[in-house]
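Remember, it's 1-based here, ligands and their atoms both numbered in the order they're listed.
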Amino acid sequence: MIGFTLSEEQEALRARVREFAEKEMKPKAREYDENGTYCMDVMRSAFEQKIMNDSIPKIYGGPGHSNLESAIITEELGAACMGMGTSIMANSLALAPIILFGNDAQKEKYLRWHTREFRIAAFCLTEREAGSDASAAKTVALREGDEYVINGAKCFTTNGGYADLFVVFASTAPSKGPLGMSAFIVEKSMGVEVGKAENKMGQRASNQTEMHFKNVRVPAENIIGREGHGFKVAMGTLDRTRAGTAAGAVGIARRALEEAVAYANTRIQFGAPLTKQQAIQFKLADMATKVEAARLLTWQAAWLADNNIRQSKESAMAKCFAGDIAMQVTTEAVQILGGNGYSKEYPVEKLMRDAKLMQIYEGTQEIQRLVIAREVAKAR
Ligand SMILES: Cc1cc2nc3c(=O)[nH]c(=O)nc-3n(C[C@H](O)[C@H](O)[C@H](O)COP(=O)(O)OP(=O)(O)OC[C@H]3O[C@@H](n4cnc5c(N)ncnc54)[C@H](O)[C@@H]3O)c2cc1C
């Protein structure tokens, strides 16, 4: 059965998060962007209102939202400020390997950490020499008795400067390539050091840092799954979280469309509002169609995940399409606002800068197309 309407509970969730985004995120978005201020206060409030850590199951004290509900939440965050949205959702990304692949003891300990009190988590996969090719990671975790000793460095770790829990991907058998990678739950207090922070083009309310691991000793019980399982954990996690990234991109694009419509309705040139010019009408029509199409792909990917149906292709399609249309729609919004679109007095230039990241993180658009092409080639 196919349905395109949300349930009453989902509508209520959307209204609640939209109110949070309007009241607590939007008013701070410009200042935090200009100053590169990490949105700790917004995250704390999102935690208190159970908007953060949304996918932690109810049995561990979380809201237990479905993937579709997470997508609804993230669209609203993206429409207000995706820098803040990324910071909030990075917690979910970091906790997803524990939710999806962790054992009961790990869930009981670390998911409850995050529902009992406000804590920040980070996902450490990327390294300077291992970005799209995550399997080339050089960080190692070598077993010594009841511990693993981690050595190496990660980069672009979202929330890295503020997190006290890290899910770290490191090789337990360096000669085996991706088959030697394992995933670990690492507490900051085990000796994790924060390195240089990135100074970014957009999403400046979020924080990305290098992370250094120098003889960090982690109890053997903190391995997620088993040795050599790490690449599967990383890829399985990203398959699940990509619909959320797509939803953030939909939110950015929707906001850009709203800003462009509002401006074009009131801006008079040649004696009429811009919306009376067919060239502008066609732009708005294309923008609106792209937003709807991206949302449908996103909800489809989330729905498949909720129904435990394999969705590597669909989540890659959603992330790829939504990221691309966010860039296109925000660029058109800048064009429709003309000179004002290029000015920081109006929000669309920030939306355009924020949109660019949606084509890069959680797997670039090129990598999504490789995933889609591989799946399409199979289906004959
Ligand atoms: C703001 C921000 C936040 C991030 N947050 C996190 C985080 O929390 N945790 C984390 O682990 N990582 C994070 N990342 C890292 C991000 O996932 C990587 O930047 C991304 O996967 C790309 O890797 P790279 O930057 O090394 O680019 P590269 O892999 O060097 O790619 C450069 C270019 O080459 C293309 N390319 C590479 N290989 C191929 C190929 N086989 N075929 C075609 N094209 C190819 C890429 O698509 C890209 O256009 C973040 C990055 C940013 C910018």
Q. With a 4.5 Å heavy-atom cut-off, do Ile98 and Val167 have their side chains touching?
A. yes
Q) For atom 53 (C) of ligand 1, is the nearest protein heavy atom under 4.0 Å away? A) yes
Q: Hey, can you tell me if Phe118 and Phe47 have their rings parallel, tilted or perpendicular (30° and 60° cut-offs)?
A: tilted
Q) Which of the atoms of ligand 1 are close to Glu366, meaning less than 4.0 Å from one of its heavy atoms? A) 43 (C), 44 (N), 46 (C), 47 (O), 49 (O)
Q. Between Asn159, Leu238, Thr126, Val168, which one has a non-hydrogen atom sitting closest to atom 10 (C) of ligand 1?
A. Thr126
Q) Side chain, backbone, both or neither: which part of Leu357 has a heavy atom under 4.0 Å from ligand 1? A) side chain
Q. What do you think, any protein heavy atom under 4.0 angstrom from atom 12 (N) of ligand 1?
A. yes
(Q) Do Arg128 and Phe156 form a cation-pi contact, if we require the NZ or CZ to be under 6.0 Å from the six-membered ring centre and within 45 degrees of the ring's axis? (A) yes
(Q) Show the nearest heavy-atom pair for residues Asn207 and Ala197, with the distance to one decimal. (A) ND2-CB, 4.5 Å
Q.
Set out, in order, the CA-CA distance, both residues' side-chain angles and the distance that settles salt bridge (Lys or Arg N to Asp or Glu O under 4.0 Å) for Glu75 and Arg295, then state yes or no.
A. CA-CA 9 Å; Glu75 179 179 328; Arg295 185 183 294 117; 2.9 Å; yes
Q | Any protein heavy atom < 4.0 Å from atom 29 (O) of ligand 1 | A | yes
Q) Hey, is Gln203 one of the residues with a heavy atom under 4.0 angstrom from ligand 1? A) no
Q) Between Phe123 and ligand 1, does any nitrogen or oxygen pair lie at a separation below 3.5 Å? A) yes
Q) Within 45 degrees of the axis of the six-membered ring of Tyr148 and under 6.0 Å from its centre: does Arg143 put its NZ or CZ there? A) yes
Q | Lys200 neighbourhood, listing ligand 1 atoms whose heavy-atom distance to it stays under 4.0 Å | A | 1 (C)
Q | Shortest non-hydrogen contact from Gly85 toward Leu77 | A | CA-CB, 3.9 Å
Q | Part of Glu362 with heavy atoms under 4.0 Å of ligand 1, whether side chain, backbone, both or neither | A | backbone
Q | Closest approach of Tyr110 to His114 (non-hydrogen atoms, all atoms of both residues) | A | O-ND1, 3.0 Å
Q. Just checking, is any N or O donor in the side chain of Lys200 or Gln208 under 3.5 Å from an acceptor N or O on the other one?
A. yes
Q: Provide the number and element of each atom of ligand 1 under 4.0 Å from a heavy atom of Gly131.
A: 23 (O), 24 (P), 26 (O), 29 (O)
Q.
Out of Asp133, Thr209, Thr364, who is nearest to atom 46 (C) of ligand 1 when you count heavy atoms only?
A. Thr364
Q: Can you figure out which of Asn207, Leu125, Ile360 has its heavy atom closest to atom 20 (C) of ligand 1?
A: Ile360
Q.
Side chain or backbone, does Cys124 bring an N or O within less than 3.5 Å of an N or O on ligand 1?
A. no
